[in-house]
Amino acid sequence: TSELIASPSTYSFTASGLGPNGLSGLVVRGVNATGPGPLSASATAYTLAQAPAGLALVSVSSGVVGLSWDAGGNPPGTRFEVQKASEGAAFTAHSTYTAAAAFAAGLLPSTTYDFRVRAVNDADIGTAFSNTVSTQTGPPLPGTPGTPTATVLSTADITWSWAASTYTVSYQVFLASKTSELLASPATDSFTLSGLGTNTPSGIVVRGVNANGSGPLSASATAYSLALPPSALILVGVSSQAVSLSWNDGGNPAGTVFELPKATDGVAFASHSTTTAAAATALGLTTSTAYDFRVRALNGDGVATGFSGLV
């Protein structure tokens, strides 16, 4: 109160040269020839804020839109009200910020939004609105693909397919046992895995991908490549109730199951036994009876190869 601002001759006064959203507080007293009277009660007021300009889109995702604008020379702490309108509806306040940028969150995916911004001074008086910007939010993250299904093509190739996931542009295929290892990024809901070994398991999971990121992994599935048929079946020994046989395992890996069927008429074969070795002794045979034997391999899913020759 020691700083005299003005000495008007009437009961009004215009304070000029203040900045936007600036605080002005004063007291006043009357003066006559005898001297000054007591001071009035104090009063404060804020100047109007400056309207922001240059509203622009910074980023767009499925539920968040990034915005920035020119603060218009308003002082730090000035509030900016961002309004939004969806699909041509009326504008409503979305949120307020004290920076000249914002991330408008909580939006619906695949929806068109309009945005505008205004400044509000500390007396809650708003400015005119900025320009309007429009955008469509992105789709949500992809849904979960169906569990992969295998079509075994050969001893080295398996084609995998799955039910498509929603909002998906492409897929990522991973080893089920090591989901950090990306096998392929097919654009469709199928993929052929090649270069497998004979009777070798292949386990995968898959997820959808779009511009906003990747969705959850599918359930895992495992399938085996085909086994190779055994060959060169021979008799090793014969007794009254047993026959010993051996064969070439065909290059199948250790642990491959071989099925040994038998028949007494060369036609009606029935499985006699299985083994994981390339030899077997068929026990429990009938004395003085002619038998035919043949052998085939089974892969890990029980899919059989062709038979060897007869003995």
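In this chain, residues are counted from 1 in sequence order.
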Sequence neighbours excluded, every pair satisfying ring pair (Phe, Tyr, Trp, His ring centres under 6.0 Å) that has a member inside residues 38-71
Trp69-Phe80
What residue pairs, at least two apart or across chains, pass ring pair (Phe, Tyr, Trp, His ring centres under 6.0 Å) with a residue in residues 128-168?
Trp162-Tyr171
Find out whether Thr286 and Tyr291 are in side-chain contact, i.e. whether some heavy atom of one side chain is under 4.5 Å from a heavy atom of the other.
yes
Could you measure the distance from the CZ atom of Arg296 to the CZ atom of Phe307? Nearest 0.5 Å is fine.
3.5 Å
Can you measure from CZ (Phe269) to OG1 (Thr264) and round to the nearest 0.5 angstrom?
9.5 Å
Residues two or more places apart in sequence or in another chain: which of them pass salt bridge (charged side-chain N to carboxylate O under 4.0 Å, His left out) with Arg207?
none
Straight-line distance of Ile158 CD1 to Ile204 CD1, nearest 0.5 Å:
9.0 Å
Please set out all donor-acceptor pairs under 3.5 angstrom arising from side-chain atoms of residues 91-101, sequence neighbours excluded.
{"residue": "His94", "atom": "ND1", "partner": "Lys84", "partner atom": "NZ", "Å": "3.1"}
{"residue": "His94", "atom": "NE2", "partner": "Ala105", "partner atom": "O", "Å": "3.3"}

Among Thr256, Asn299, Thr155, whose side-chain hydrogen bond (donor to acceptor under 3.5 Å, both in side chains) with Asn199 holds?
Thr256
Rounding to 0.5 Å, atoms CG (Leu4) and OG (Ser2) come to a distance of 10.0 Å
Under the rule for salt bridge (charged side-chain N to carboxylate O under 4.0 Å, His left out), what residues qualify as partners of Arg294, not counting sequence neighbours?
none
Ser130 side chain to Val117 backbone, donor-acceptor under 3.5 Å:
yes
With sequence neighbours left out, the residues meeting salt bridge (charged side-chain N to carboxylate O under 4.0 Å, His left out) with Glu181 are Lys178
Measuring from Glu87:CD to Thr111:OG1, what's the distance to the nearest 0.5 Å?
5.5 Å
Output all residues satisfying side chain to side chain donor-acceptor pair (under 3.5 Å) with Ser134, sequence neighbours left out; order by chain, then residue number.
Asp114
Applying side-chain hydrogen bond (donor to acceptor under 3.5 Å, both in side chains), which residue pairs with at least one partner in residues 239-249 are found, sequence neighbours left out?
Ser244-Thr281
Are Leu228 and Thr305 packed together at the side-chain level, in the sense that at least one heavy-atom pair is separated by less than 4.5 angstrom?
no
Could you list the donor-acceptor pairs under 3.5 angstrom formed between side-chain atoms of residues 18-31 and any protein atom two or more places apart in sequence or on another chain?
{"residue": "Asn21", "atom": "OD1", "partner": "Asp122", "partner atom": "N", "Å": "3.0"}
{"residue": "Asn21", "atom": "ND2", "partner": "Thr78", "partner atom": "OG1", "Å": "3.1"}

Which residues pass the salt bridge (charged side-chain N to carboxylate O under 4.0 Å, His left out) test with Arg79, not counting sequence neighbours?
Asp124
Among all residues two or more places apart in sequence or in another chain, which pass the side chain to side chain contact (heavy atoms under 4.5 Å, CB included) test with Asn32?
Thr34
Set of residues satisfying side chain to side chain donor-acceptor pair (under 3.5 Å) with respect to Ser154, sequence neighbours excluded:
Asp157
Rounding to 0.5 Å, atoms CG (Leu196) and OG (Ser225) come to a distance of 5.5 Å
